[in-house]
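Taking it in order: structure first as structure tokens, then the write-up.
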2 protein chains.
Amino acid sequence: MEKRLNDFDVKDGSPLTKMTIKDVAREAGVSTATISRVLNNSGYVSHDVKQQVLAVIRKFNYQPNAIARSLKQEKSRSIGIVLPDMANPYFMKIARTIQHRCFQEGYHLLFIDTEENPEKESEALDFLTEKRIEALILAGTGANRDQIQTISDSGIHVILFDRRFSNLKLDTVTEDNFYAAKSAVEYLLEKKHERIGIIHGPQTISTARERRQGALIGLEEAGISLLPELMIEGDYTRESGIKAIQHFSQLPDRPTAIFSSNNEMTFGIYLGLQELGIPLDSVEVVSFGDLEFSSLFQHKLSVIMQNPQELGETIGDLLIRRLNGDDDAKENRILMPRLVPSR
Amino acid sequence: MEKRLNDFDVKDGSPLTKMTIKDVAREAGVSTATISRVLNNSGYVSHDVKQQVLAVIRKFNYQPNAIARSLKQEKSRSIGIVLPDMANPYFMKIARTIQHRCFQEGYHLLFIDTEENPEKESEALDFLTEKRIEALILAGTGANRDQIQTISDSGIHVILFDRRFSNLKLDTVTEDNFYAAKSAVEYLLEKKHERIGIIHGPQTISTARERRQGALIGLEEAGISLLPELMIEGDYTRESGIKAIQHFSQLPDRPTAIFSSNNEMTFGIYLGLQELGIPLDSVEVVSFGDLEFSSLFQHKLSVIMQNPQELGETIGDLLIRRLNGDDDAKENRILMPRLVPSR
DNA sequence: TTGTAAGCGTTATCAT
DNA sequence: ATGATAACGCTTACAA
């Protein structure tokens with residue numbers, strides 16, 4: 001069972017077989033401890049020996065095995081990030097910013113896309129804890145509350161973003177959905193709209209609840225009583241925006257303005273109008289979320305611009321602080337989106 | 001140095017301290033080997049013992065340490081995916097599909113966003129090989145050719161997607177950029193355009209080269225000689241689309257149609273037109289890439305629809321085959337995008 | 001059917 | 001300043 005340790009393709013420094021620290025030690029004529037010291041710049045090692053070791057490392061293109069390192073140090077240097085849609089630019093702009101920060105700091109991200117599916121989310125969380133992630137960044141489906149709290153209790157840093165749980169003592173970074181939605185409705189009221197349609201999202205998701213609530217309070221404070229037929233629940237998808245428009249268009253008295261709880265549904269609104277042959281600017285829309293194309297529109301579309309970049313930076317900062325041992329009370333950062341009126 | 005092994009918070013099955021297989025073994029009154037057998041459904045283990053072990057596992061909420069497992073089995077079960085922009089829906093639609101497939105098969109993805117930066121890409125590759133990824137999925141910057149070949153030679157499965165290297169014996173999954181670009185130009189010629197502007201991308205990137213070449217050959221075969229002032233090199237960003245329009249608009253004889261090599265630049269085209277107060281439909285455009293909003297346009301915008309979903313599935317299939325030991329010749333899959341004419 | 005123990009590639013403690 | 005060696009938490013011959 002003698003393993004041949006000397007089995008490397010030496011020419012031009014590219015091993016076809018993975019080398020270990022033992023091999024490097026033997027080649028350099030020193031012990032593995034010394035190699036480790038050189039690798040980690042730790043402890044004492046004489047200049048000459050260090051150069052010699054570095055030469056061997058370069059010659060054989062040796063790369064330390066991060067898995068072994070993780071096991072020994074009991075640090076995976078990996079972060080789990082779980083979100084509902086990996087193709088959604090809003091989430092991915094956030095994720096991108098976090099990824100850059102993590103990479104700088106020597107961490108890597110394990111991504112999981114739950115597709116808003118709670119069971120998949122639960123599986124994902126198990127999967128990630130087995131990988132011994134050091135932190136979890138989560139935009140959740142709204143389910144798996146206990147599982148998430150347990151993860152936090154077990155010492156893994158948890159940061160909820162975009163969506164949160166009420167009464168859970170966890171770090172959260174979100175946007176002020178309630179206030180932004182309320183302002184949006186007030187904006188429409190200022191423009192003298194009286195029949196305002198509301199398309200809100202799935203009430204399992206905190207953002208959808210908060211936005212709905214904000215819109216309702218906005219109306220209420222203006223003394224306007226909400227007509228049930230003007231409020232419709234979608235599921236944050238394009239299709240549900242189309243359906244909402246089909247519904248509104250059949251009303252004897254159509255809304256002159258619409259508040260939409262997210263960008264996908266707003267896209268659906270316009271697709272629906274187009275399908276029905278209704279002019280796109282026959283209704284004034286205020287929508288949550290960045291619609292990239294909105295700047296090209298002539299339509300009366302106002303947008304509640306969220307700020308994924310800032311969200312990402314805030315999460316990144318908090319994350320790194322937590323990983324570096326900051327053990328202060330859980331934080332609750334709430335960023336303020338801004339309304340960009342139609343032109 | 002006696003380590004206390006029995007230090008778990010037993011109530012309601014949520015340990016605050018990570019349990020190891022040894023602890024489970026002790027609790028269940030069996031050896032670690034037996035636990036391992038239960039965990040992996042391998043070897044023999046009697047029904048009763050198995051139930052007993054499973055009970056302990058559930059009771060303490062034991063989760064095996066995937067890192068230790070990886071080290072022992074010399075299998076990381078991780079896949080590196082490196083791409084130029086994590087917020088680009090085209091790439092992320094591909095990535096999402098791959099992620100789903102990998103998760104099903106028990107692999108996880110390590111994402112790195114290079115921002116088209118070759119040095120960052122190179123660092124990323126080192127980082128990932130230290131993590132002992134079993135495969136690398138790469139949409140490259142065009143640089144680091146040797147490093148990538150070395151990775152492949154070292155036994156890590158490499159799949160290039162979207163962008164490729166000529167003369168490198170690696171699996172690739174791409175789209176037929178040349179042919180699609182050629183067809184696009186032919187489409188414009190059929191519509192009797194004679195002055196066709198071309199905005200192409202950075203020639204370090206294979207897709208940009210192929211698209212440029214396709215467009216040129218399209219013109220050439222129609223006997224049209226290209227005017228230098230009608231061809232401009234962008235860098236695949238929105239800004240470079242704006243610049244291109246500024247350039248074209250200053251020409252005494254403006255192009256009546258434009259071929260654009262990617263969607264971001266096309267977005268820039270429209271932003272540029274808008275800035276200059278030129279009607280958006282004063283020029284006919286054919287663009288590579290999915291512009292989500294294009295269906296809402298009245299403008300004469302035709303789109304070469306790429307198929308990220310199919311790309312993702314193709315990559316996923318190939319990946320899993322490779323991971324399962326398929327060692328056949330490297331493959332070169334080329335998918336065909338389709339032209340969706342303006343309405 | 002079960003247990004013992006070596007070993008995966010590191011790091012870190014303790015000698016020297 | 002350097003080396004031996006015992007872990008880290010698992011899997012897997014091999015023994016029993």
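Note on naming: letters A, B, ... go to the chains in the order of the sequence lines (proteins, then strands), and numbering restarts at 1 for each one.
Between B:Asp85 and A:Arg96 there is a salt bridge, since at least one side-chain N of the basic residue sits less than 4.0 Å from a carboxylate O of the acidic one. A:Arg163 has a carboxylate O that lies under 4.0 Å from a charged side-chain N of A:Glu116, or vice versa, which qualifies the two as a salt bridge.
In this structure, the CD1 atom of B:Ile35 is 17 Å from the P atom of C:dT1, given to the nearest Å. Summarising the geometry, the separation between CG on B:Leu71 and P on D:dT12 is reported as 13 Å, rounded to the nearest angstrom. Here the P atom of nucleotide D:dT2 and the NZ atom of A:Lys50 are 11 Å apart, to the nearest Å. Following rounding to the nearest Å, B:Gln73 (CD) and D:dC10 (P) show an atom-to-atom distance of 12 Å. In this structure, A:Lys131 atom NZ and D:dG9 atom C1' are separated by 14 Å, rounded to whole Å. In this structure, A:Arg37 atom CZ and C:dA12 atom C1' are separated by 9 Å, rounded to whole Å. Rounded to an integer number of Å, the gap from CD1 of B:Ile67 to C1' of D:dA7 is 16 Å. Atom CD1 in B:Ile21 sits roughly 14 Å away from atom C1' in C:dT4 (whole-Å rounding).
For A:Ser36, the listed nucleotide lying nearest its side chain is C:dT11; candidates were C:dT1, C:dG3, C:dT11. Listed candidates were C:dT11, D:dC10, C:dG9. Nearest to the side chain of B:Arg69 is D:dC10.
If B:Tyr44 and A:Thr32 are placed on DNA chain C by their nearest nucleotide, the residue sitting closer to the 5' end is B:Tyr44. Across the interface with DNA chain D, nearest-nucleotide mapping of B:Thr34 and B:Ala68 shows B:Ala68 to be the residue nearer the 5′ end.
An OP1 or OP2 oxygen of D:dT11 is reached within less than 4.0 angstrom by a side-chain nitrogen or oxygen of B:Asn40. Contact annotation: B:Thr20 does not reach the phosphate of D:dG9 (side-chain N/O to OP1 or OP2, under 4.0 Å). For B:Tyr62 and D:dC10, the shortest distance from a side-chain N or O to OP1 or OP2 is below 4.0 Å.
Taking only distance into account, the side chain of A:Lys72 never meets the base of C:dT10 through a donor-acceptor pair shorter than 3.5 Å.
Counting any heavy atom pair closer than 4.0 Å across all strands shown, B:Ser46 reaches sugar-phosphate atoms only and no base atom.
Pairing each heavy atom of B:Ile156 with each of B:Leu136, the nearest pair is CG2-N, 4.0 Å.
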Legend entry - Derivation and outcome, side chain to side chain contact (heavy atoms under 4.5 Å, CB included), residues A:Asn117 and A:Thr141: CA-CA 7 Å; A:Asn117 178 340; A:Thr141 59; 5.8 Å; no

Inset, instruction - Quick one: do B:Arg69 and B:Asn40 satisfy side chain to side chain contact (heavy atoms under 4.5 Å, CB included)? Show the steps, please. - result: CA-CA 11 Å; B:Arg69 209 182 265 221; B:Asn40 300 292; 3.6 Å; yes

